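The structure under discussion appears below in the form of structure tokens.
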Protein chains: 4
Amino acid sequence: MTREEKKIEILKAAAIVFSKNGFYAAKMEDIAKQAGIGKGTVYGYFDSKEALFHELLKYGIEEYKEGMEKVLKGKGSVKEKTIELFKYHGKFLTKYIDIAQIFINQQAVFPKELRKEMLKEKMKLFSMLKEMIEQGKKDGELRDDLDEELVTLSIAGSISQFYGKKVFFDNYSYDEISPEPMVEILFKGYI
Amino acid sequence: MTREEKKIEILKAAAIVFSKNGFYAAKMEDIAKQAGIGKGTVYGYFDSKEALFHELLKYGIEEYKEGMEKVLKGKGSVKEKTIELFKYHGKFLTKYIDIAQIFINQQAVFPKELRKEMLKEKMKLFSMLKEMIEQGKKDGELRDDLDEELVTLSIAGSISQFYGKKVFFDNYSYDEISPEPMVEILFKGYI
Amino acid sequence: MTREEKKIEILKAAAIVFSKNGFYAAKMEDIAKQAGIGKGTVYGYFDSKEALFHELLKYGIEEYKEGMEKVLKGKGSVKEKTIELFKYHGKFLTKYIDIAQIFINQQAVFPKELRKEMLKEKMKLFSMLKEMIEQGKKDGELRDDLDEELVTLSIAGSISQFYGKKVFFDNYSYDEISPEPMVEILFKGYI
Amino acid sequence: MTREEKKIEILKAAAIVFSKNGFYAAKMEDIAKQAGIGKGTVYGYFDSKEALFHELLKYGIEEYKEGMEKVLKGKGSVKEKTIELFKYHGKFLTKYIDIAQIFINQQAVFPKELRKEMLKEKMKLFSMLKEMIEQGKKDGELRDDLDEELVTLSIAGSISQFYGKKVFFDNYSYDEISPEPMVEILFKGYI
DNA sequence: TATGAATGAGGATTCATTCAT
DNA sequence: AATGAATGAATCCTCATTCAT
């Protein structure tokens with residue numbers, strides 16, 4: 001196993017332990033045990049508990065962004081892409097459920113710096129979404145009086161609440177969930 | 001000052017300190033100082049740090065629920081009420097910004113119990129919203145093929161992302177934000 | 001007991017423990033036990049183990065300097081004062097045997113800063129001694145071709161070796177040791 | 001390179017690192033790096049960190065003793081030999097400055113055993129010096145009412161303080177220092 | 001023989017909680 | 001009721017040592 005692969009192994013173990021109890025209650029020893037290695041070994045790969053957490057977040061964001069980019073660069077109408085984004089979110093949630101939990105629940109463990117860094121990354125994802133909306137207006141697929149930012153926020157919010165409810169509350173698994181009706185409502189409106 | 005008023009004072013101090021540093025980094029001593037009292041005194045009002053945090057969350061939810069009920073019991077169309085809900089959310093965010101931050105960022109400090117309790121409370125708020133949607137359909141204000149749950153999730157998600165972006169990222173104050181265009185988009189759809 | 005008195009109590013306990021095994025082997029828990037208090041209490045008086053050690057050294061130097069000044073300001077010939085200095089050194093060694101051990105053996109626990117600070121303090125003591133020699137030359141008590149610095153160094157070295165041997169190797173107690181013959185040799189020479 | 005030569009190489013590296021940081025702050029990894037070898041290799045030559053330190057001290061003492069014996073066995077008057085001893089001390093300090101620093105500063109890293117062993121070795125050096133004084137009395141070079149031990153202690157103390165000041169405080173190099181005036185004062189006395 | 005990745009014992013430090021005043 | 005000095009459980013991290021390669 002290469003050094004990089006071992007780092008990923010440790011990150012996965014850390015995700016499980018951090019997501020269970022949060023950053024502070026997670027013990028380095030537990031993470032090591034979860035990874036099947038000794039306590040000191042973790043420090044051979046990460047400088048500190050904070051550094052480990054930081055890298056875990058970066059890893060999660062990078063993974064998410066890559067998948068999202070793939071969807072947005074693909075072909076299809078805005079509506080089709082939106083559906084794909086919903087599905088991708090669900091898939092990510094399932095695959096990286098521990099990391100996802102951390103993103104949802106642990107954003108504030110570090111006072112300022114990291115929170116700002118995370119916010120900036122989130123805004124990058126927003127920008128990508130916004131570009132899709134702009135293109136949809138140009139192509140005549142969407143009303144041209146739409147405020148792109150508002151549309152972006154409504155989609156992002158709906159994705160988050162939709163899968164949050166289905167996965168964490170109703171305990172559905174990814175492939176039992178059809179986002180099409182939700183996207184339909186967003187595009188058609190309530191009236 | 002009555003015992004109950006003093007408890008509220010301590011809760012407000014706790015909200016400030018918890019929101020700044022998160023649950024674990026917040027020290028009981030800091031909370032006491034923020035409240036202008038001695039460390040030991042806090043324990044005359046709350047059994048433990050966890051209990052204090054727990055009561056703070058309950059207090060925040062209760063406040064939110066009361067305001068939301070008032071809006072929903074008021075008169076007006078579903079769209080008008082939705083706009084009022086948006087506005088109420090912004091007002092709450094401004095008044096209880098510290099508690100709100102905690103709800104956004106600190107949901108996972110306790111392993112399971114409290115997280116579930118919070119989720120249950122959140123679902124109660126959802127139910128209230130859902131009833132409004134059902135009534136709107138009965139009254140013919142909304143399309144009658146709408147899935148109430150999906151509408152509820154899209155409204156809740158949009159409220160959350162809309163004010164999150166405006167208040168925490170763009171640093172707008174409550175009265176500078178008009179939710180009407182956002183609600184318009186939700187009701188009319190994107191196409 | 002005032003705060004200052006309690007600090008002295010802890011310093012005394014620290015001196016005992018530090019002198020036994022050196023800075024690193026000394027455990028804060030042992031120091032606390034020696035002082036008859038809880039581990040955490042030590043931190044109410046000193047910021048860290050290093051700070052505690054630092055203050056202990058400062059305290060020891062201050063005590064030594066005060067006694068030395070008293071001797072040098074007193075009346076009597078240079079020879080009489082030299083004898084008094086020897087005696088004072090022996091008395092200090094007996095009273096503060098633990099701190100003295102630390103000065104002899106632990107000067108290098110901190111890389112640079114503290115070592116320099118200690119060296120500076122030592123040089124201050126040297127200066128005081130040198131002034132005495134200068135006065136002795138002026139008064140015609142000592143040969144006027146003497147290099148004051150060399151005399152100072154020979155006295156300081158002799159004091160240190162003399163009492164080091166008598167107290168730490170031969171295990172004599174302070175009042176069993178007569179420094180007069182040693183001083184006589186220094187003043188008369190070997191030939 | 002023979003096994004013995006390699007041991008010396010490691011000892012020299014250890015001397016540099018120990019003298020810089022003290023026994024506890026010195027890391028085996030740093031010593032290995034300084035010697036240009038791998039961490040594990042050190043353990044092929046020394047059983048433990050303590051053993052390495054122990055052997056380093058023994059090595060230093062042995063080197064010192066050999067040089068001192070050479071001086072004492074040579075020809076010349078007691079005064080000339082005393083001057084040679086001073087000079088030898090200065091030369092040793094220059095050549096083995098790192099080991100010398102350890103002797104000055106690190107005598108107490110081990111509780112009792114090693115400290116006693118070192119003290120015993122020091123006393124052996126004292127005995128050699130004392131024999132020289134006794135011979136000087138027999139030969140009529142020194143007053144015959146002199147206490148040999150006191151003379152020994154005053155010479156040893158003066159050597160130590162003299163070079164300590166010149167080398168470590170004034171930063172003189174070995175060949176810039178003339179011990180003759182100091183020896184002159186010791187033999188002639190102050191009056 | 002040489003290496004350095006892996007290990008885990010050990011200790012400084014923090015801070016929630018207690019309790020004498 | 002209010003206080004804050006005292007306590008010690010709990011945990012991050014270091015580094016001497018081992019051992020598979």
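Quantities reported herein were computed from a predicted structural model and do not represent experimental measurements. Residue numbers begin at 1 in each chain, while the letters A, B, ... track the order of the sequences.
A25(D) and Y24(C) make their closest contact through CB-OH, 3.8 Å (heavy atoms, listed as atom of the first residue, atom of the second, distance).
When each of S48(B) and T41(A) is assigned the nucleotide of DNA chain E bearing its nearest heavy atom, the one mapping closer to the 5' terminus is T41(A). Comparing D47(A) and K27(A) along DNA chain F, the residue whose closest nucleotide (by nearest heavy atom) sits nearer the 5' end is K27(A). Taking for each of R3(D) and M28(B) the nucleotide of DNA chain E with the nearest heavy atom, the 5'-most of the two is the partner of R3(D).
One can place CD of E50(D) at 8 Å from P of dT17(F), the figure rounded to the nearest angstrom. One interatomic measurement links the two molecules: CD1 of I37(C) to P of dA5(F), which rounds to 14 Å at whole-angstrom precision. One can place CD of E29(C) at 16 Å from P of dT14(E), the figure rounded to the nearest angstrom. Remark: C1' of dA2(E) and CD of E9(D) are 17 Å apart, rounded to the nearest angstrom. Atom CD of E5(A) and atom P of dA5(E) are 16 Å apart (whole Å). Following rounding to the nearest Å, D30(D) (CG) and dA16(F) (C1') show an atom-to-atom distance of 13 Å. Atom C1' of nucleotide dG8(E) and atom NZ of K33(A) are separated by 11 Å, given to the nearest angstrom. Atom CG in L52(B) sits roughly 11 Å away from atom P in dA16(E) (whole-Å rounding).
Using a 4.0 Å heavy-atom distance criterion, K39(D) is classed as a base contact. When heavy atoms are screened at a 4.0 angstrom cut-off, K6(C) is found touching the sugar-phosphate backbone but no base atom. Counting non-hydrogen atoms under 4.0 angstrom, A32(D) reaches nothing in the nucleic acid. Contact annotation for G40(B): base contact, defined as any heavy-atom pair under 4.0 Å involving a base atom.
In this structure, the nucleotide among dA12(E), dT17(E), dT7(F) sitting nearest to the side chain of Y43(C) is dA12(E). Comparing dT3(F), dC13(F), dT17(E) by their nearest atom to the side chain of K49(A) picks out dC13(F). Among the nucleotides dC13(F), dA2(F), dA5(E), the one closest to the side chain of Y45(A) is dA5(E).
In this structure, dC12(F) forms a base pair with dG11(E), meeting either the Watson-Crick or the G-U wobble geometry with both donor-acceptor distances under 3.5 Å. Nucleotide dA20(F) forms a Watson-Crick or G-U wobble pair with dT3(E), both donor-acceptor distances falling under 3.5 Å.
The number of heavy atoms from other shown groups lying within 6.0 Å of NZ (K95(D)) does not exceed 12.
The aromatic rings of F18(B) and F53(B) sit perpendicular, their planes meeting at an angle over 60°, well past the 30° parallel limit. Using cut-offs of 30° and 60° on the angle between ring planes, the pair Y59(A) and Y96(A) is perpendicular.
Between E121(C) and K65(C) there is a salt bridge, since at least one side-chain N of the basic residue sits less than 4.0 Å from a carboxylate O of the acidic one.
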